[in-house]
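Below, chain A is the first sequence line, B the second, and so on; all start at residue 1.
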Amino acid sequence: MNEAQEPTEGRYLYCITSCGGELSLGDMGIDKAQVYTIPHEDIAAVVHVCPLKPYESKDQERVKRWVFTHNYVIDQATKRFGTVLPFSFDSIVKGDDDVVRGWLSENYSRFKGELEKLRGKAEYTVQIFCDASLLARRVEKDNQEIGKLAGEIKVAPKGKAHLLERKLEKMVREAVAAGVRALSEKFHEQIEKHVEEAREEQSRFVPDRFKDKRLVLGLSCLVAEREVEKLGELLRQINEQDGLSVRFAGPWAPFSFARLTK
Amino acid sequence: MRPTREYGLVELLDKILDKGVVLNADVIISVAGIPLVGVSLRAALAGIETMLEYGIMEAWDESIREHCSKELAK
């Protein structure tokens, strides 16, 4: 290929995987594209041929299909080849197979190193929720200062009572918040024992069954296969505690943990 | 407790738009020395922001359900 020429085609990147061969994975790609591997030594890029522009659309249904497909291909590659380095949606290389091959070659030790680091591991979501009103009731019962204030409110004249109620609400809110923070630290510590890495996440996604609950702790965790059961057992115990519920989801490809360090 | 394979759209978007080897950047020029098509990931997918804002857990599409059940059967 004449390197001075501008490329006329692109390669849509799904992931990098441990695989030494040129394989076709069929038409499982975005918009039914043919997905295949471009190998270099014992690693490969999983790609499909695409035009030199990003996939963009205002059509929500189309976009949803694309993103599910992107993840589906990554999952299939994982099933076939083990842990992969997943790419963000719309990672498109300017060039052809040779360009991709050259890139794999230049960065071989980087990719290989990261693949080895992530071998046998996957990403899981752990979210622990609490019933905030249950915590509030507990706090109202056990906290002496709050109990005393509640007593004062009962005998106070209307105007003063109103002000004191505000104060009580504030105290309860703060006590619940402190309680949640303490739980969060405790659980984080317990979970750390079973995971390689954990990242705290502010989750925007919460299934319906947790909608009325308060998030105590949200983590993306990198977990080795052999630890998944032990982590599950810990989470089961937490889930059984009064007022607490746990969401444990995965496995995902290690989106939060795959890094290309210089 | 066994992990569940839920595919909430927002959670998926959070991972494949903002994470992965190519991290979210307004214009991605190159990663590890390879030329990439420059794209603002969020602008490219107009309508994504709305979905993210409202945290919509979308009902499953038949073809997506099919995809996933094929996957689970393997």
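- Checked against the 6.0 Å centroid criterion, the rings of Tyr12(A) and Tyr55(A) qualify as a close aromatic pair.
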- Item | salt bridge (charged side-chain N to carboxylate O under 4.0 Å, His left out) assessment of Glu123(A) paired with Lys121(A) | CA-CA 7 Å; Glu123(A) 180 166 330; Lys121(A) 299 170 192 168; over 6 Å; no
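- Ranking Glu233(A), Arg209(A), Glu229(A) against chain B, the residue ahead of the rest is Arg209(A), based on heavy-atom pairs under 4.5 Å.
- Of the atoms belonging to Val126(A), not a single heavy atom falls under 4.5 Å from chain B.
- Annotation: Asp31(A), atom CG; neighbour count of heavy atoms from other residues, nucleotides and ligands within 6.0 Å is above 12.
- With chain B as the partner, the residue from Ala253(A), Gly102(A), Gly232(A) showing the most heavy-atom pairs under 4.5 Å is Gly232(A).
- Looking at Gln237(A), neither its backbone nor its side chain comes within 4.5 Å of chain B, counting heavy atoms on both sides.
- Under the ring pair (Phe, Tyr, Trp, His ring centres under 6.0 Å) criterion, the residue pairs touching residues 208-250 of chain A are Tyr124(A)-Phe248(A), Phe129(A)-Phe210(A), with sequence neighbours excluded.
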